[in-house]
Every structure is written in C-alpha cells, then in structure tokens.
**Student:** 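Submitted below is the structure of interest, expressed as structure tokens.
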Amino acid sequence: MAKIYFINAQGKKVMVEVSEEIAKQYRESLREEWRNDAYEKYYSKSLEGIIEAGRDFEDDKTDTEEVFDLQEKKRERAALIDKLNAVLPYLTDLQRQTIHKLFVLNMSQAEIAKEEGVLRCTIKERVDGIFVKLKKLIEKK
C-alpha cells in the first residue's frame, strides 16, 4: 500500500492509502499536469504580462500619428534635459540655488525674494538672466 496526498474541497490536505498501481497512476497524472502547466507558462503570454512588458494592443480610437508625436516629444524632452544637466555646472552657485528653489522646491519668485530679503523684481531679473544664459549654453552644445 502507498500513501497519496491531495487537497480536498475544503482546502485541507488529506492522506489516502491506495494500491501501488493507483499511486503510480496518480503521480504520473501530477507529472503530466506539471508538464502542461510548464509548457503553457513558457509558450503562452497573459494579457497582464504583455501590458507589464510595455506592449499593448492597438485601439481603434487611438491615432497612431498622435502616439508617434508623443514619443518624439518625449525623446526631445529627454535630450533637452540631458543638455540642461550638461550646462548647469556653468551657472554660479546663486543661479543654481535659484533654479533649485524654483523647480525642485516649487517656490514662487515672491517666496524666494522674501526668503532672501530682496525685491521680487530682483529675483525676476535673475531668473530671466539665468534663462538667457541657459539658452545660449544649450545652443552651443
């Protein structure tokens, strides 16, 4: 006699004594089920897996040209950010601090002026000067 284990309808593990022949057939059916699951997993893709991989099915309502335009804009933006990171070291410490406060800390020009104890127009002129300098530096790159 051999023992086989399985999960019953209530989810409990149950042991049953059966003949050697039945135990052999049961184990072979489990192996076959395992092989089929492994084959299915290897050769099949779930919809969730496809979407997680960054692929999706075309939607009739989606404008393909719009999708390509969006991708091109993302590439252009990434290239501009790379150029911006390359020229930031050419700014003075004060200019870099101002850019940090504006774009990282999301402070307004008025908040920066109040913090530094200067007029808001002083900060505006500084920011305008920074933008002009960055534009020139980026055009050179």
Side-chain angles (χ1 to χ4, degrees), residues 1-18 20-141:
M1 296 299 275
K3 296 177 184 177
I4 61 172
Y5 296 89
F6 64 94
I7 307 296
N8 68 8
Q10 289 77 29
K12 293 184 178 181
K13 188 174 183 179
V14 177
M15 185 269 303
V16 178
E17 287 191 31
V18 295
E20 290 295 331
E21 182 63 28
I22 292 175
K24 184 178 176 183
Q25 289 174 353
Y26 178 72
R27 284 192 290 275
E28 184 56 39
S29 70
L30 289 178
R31 282 189 201 101
E32 185 66 26
E33 186 177 333
W34 178 84
R35 283 187 207 107
N36 289 338
D37 287 347
Y39 181 87
E40 183 82 20
K41 184 177 181 181
Y42 184 79
Y43 289 104
S44 299
K45 292 288 183 186
S46 68
L47 181 58
E48 291 81 19
I50 293 170
I51 292 171
E52 284 177 11
R55 296 173 181 84
D56 206 349
F57 297 103
E58 184 176 341
D59 185 3
D60 293 338
K61 298 175 185 175
T62 302
D63 182 12
T64 307
E65 189 173 322
E66 184 180 318
V67 171
F68 285 121
D69 287 344
L70 183 61
Q71 289 174 344
E72 181 63 26
K73 286 179 183 177
K74 285 181 180 179
R75 282 191 291 274
E76 289 172 359
R77 181 181 171 110
L80 184 59
I81 289 172
D82 289 341
K83 287 180 181 180
L84 182 61
N85 284 329
V87 299
L88 281 177
Y90 295 101
L91 297 179
T92 66
D93 288 338
L94 180 62
Q95 290 171 330
R96 276 196 299 274
Q97 289 171 2
T98 304
I99 292 294
H100 179 77
K101 290 175 185 177
L102 278 172
F103 296 106
V104 177
L105 302 178
N106 292 322
M107 293 174 70
S108 69
Q109 291 181 7
E111 291 171 330
I112 296 170
K114 185 177 181 182
E115 181 183 276
E116 294 182 8
V118 296
L119 297 174
R120 194 193 69 75
C121 64
T122 305
I123 300 300
K124 182 187 180 326
E125 289 171 5
R126 184 188 307 161
V127 170
D128 291 344
I130 292 169
F131 288 156
V132 168
K133 186 174 182 178
L134 286 174
K135 184 177 179 183
K136 286 179 183 177
L137 289 169
I138 287 173
E139 287 173 353
K140 287 182 182 179
K141 292 277 176 188

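Just so it is clear, the values below take in all heavy atoms, side chains as well, and ignore hydrogens, waters and symmetry mates.
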**Student:** side-chain contact (heavy atoms from CB on, under 4.5 Å) between Leu91 and Leu134: does it pass, once the steps are laid out?
**Tutor:** CA-CA 8 Å; Leu91 297 179; Leu134 286 174; 3.9 Å; yes
**Student:** Report yes if some heavy atom in the side chain of Leu94 is under 4.5 Å from a heavy atom in the side chain of Arg126; otherwise report no.
**Tutor:** yes
**Student:** Compare every heavy atom of Ala86 with every heavy atom of Tyr90, then report the nearest pair and how far apart it is.
**Tutor:**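 Smallest heavy-atom distance, with atoms named: CE1-O, 3.8 Å.
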**Student:** Around atom CZ of Arg35, are there more than 12 heavy atoms from other residues, nucleotides or ligands closer than 6.0 Å?
**Tutor:** yes
**Student:** Give, for atom CG of Asn8 and atom NZ of Lys13, the distance between the pair rounded to the nearest 0.5 Å.
**Tutor:** 12.5 Å
**Student:** If I take atom CD from residue Gln109 and atom OG1 from residue Thr122, how far apart are they, to the nearest 0.5 angstrom?
**Tutor:** 10.5 Å
**Student:** Kindly give the heavy-atom pair with the smallest separation between Phe131 and Phe103, and that separation in Å.
**Tutor:**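 Where Phe131 meets Phe103 most closely, the heavy atoms are CZ-CZ, 3.8 Å.
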**Student:** For the atom pair NE2 (His100) and CG (Asp93), what is the distance rounded to the nearest 0.5 Å?
**Tutor:**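 Nearest 0.5 Å value for the NE2-CG distance: 13.0 Å.
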**Student:** Between Glu139 and Lys136, does at least one N-O distance fall below 4.0 Å, as a salt bridge requires?
**Tutor:**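 Salt bridge: no.
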**Student:** Under the side-chain contact (heavy atoms from CB on, under 4.5 Å) criterion, do Gln97 and Glu116 qualify, and how do the steps go?
**Tutor:** CA-CA 11 Å; Gln97 289 171 2; Glu116 294 182 8; 5.7 Å; no
**Student:** Would you call Glu28 and Arg31 a salt bridge, using N to O less than 4.0 angstrom?
**Tutor:** yes
**Student:** Taking all non-hydrogen atoms of both residues, which atom of Glu111 and which atom of Met107 are closest, and how far apart?
**Tutor:** OE1-CA, 3.1 Å
**Student:** Evaluate side-chain contact (heavy atoms from CB on, under 4.5 Å) for Asn36 paired with Glu32, printing each intermediate quantity in order.
**Tutor:** CA-CA 6 Å; Asn36 289 338; Glu32 185 66 26; 3.6 Å; yes
**Student:** Quick check: closest heavy atoms across Pro89 and Arg96, and the distance to 0.1 Å?
**Tutor:** O-NH1, 3.4 Å
**Student:** Taking NZ, NE, NH1 and NH2 as the nitrogens, is one of them in Lys73 or Glu76 under 4.0 Å from a carboxylate oxygen of the other?
**Tutor:**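 No, no charged N to carboxylate O under 4.0 Å.
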**Student:** Roughly how far apart are Gln95 CD and Ile130 CD1, rounded to 0.5 Å?
**Tutor:**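 Going from CD on Gln95 over to CD1 on Ile130, the span is 5.0 Å.
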**Student:** For a 4.5 angstrom cut-off between non-hydrogen side-chain atoms, does Met1 reach Lys3?
**Tutor:** no
**Student:** Supply the atom-to-atom distance Met15 CE to Ile4 CD1, rounded to the nearest 0.5 angstrom.
**Tutor:**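 Rounded to the nearest 0.5 Å, the CE-CD1 separation comes out at 10.5 Å.
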**Student:** Please report the shortest heavy-atom distance between Lys101 and Ile112, naming the atom on each side.
**Tutor:**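 Taking every non-hydrogen atom into account, CB-CD1, 3.8 Å.
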**Student:** If I take atom CD from residue Glu72 and atom CG from residue Leu70, how far apart are they, to the nearest 0.5 angstrom?
**Tutor:** 10.5 Å
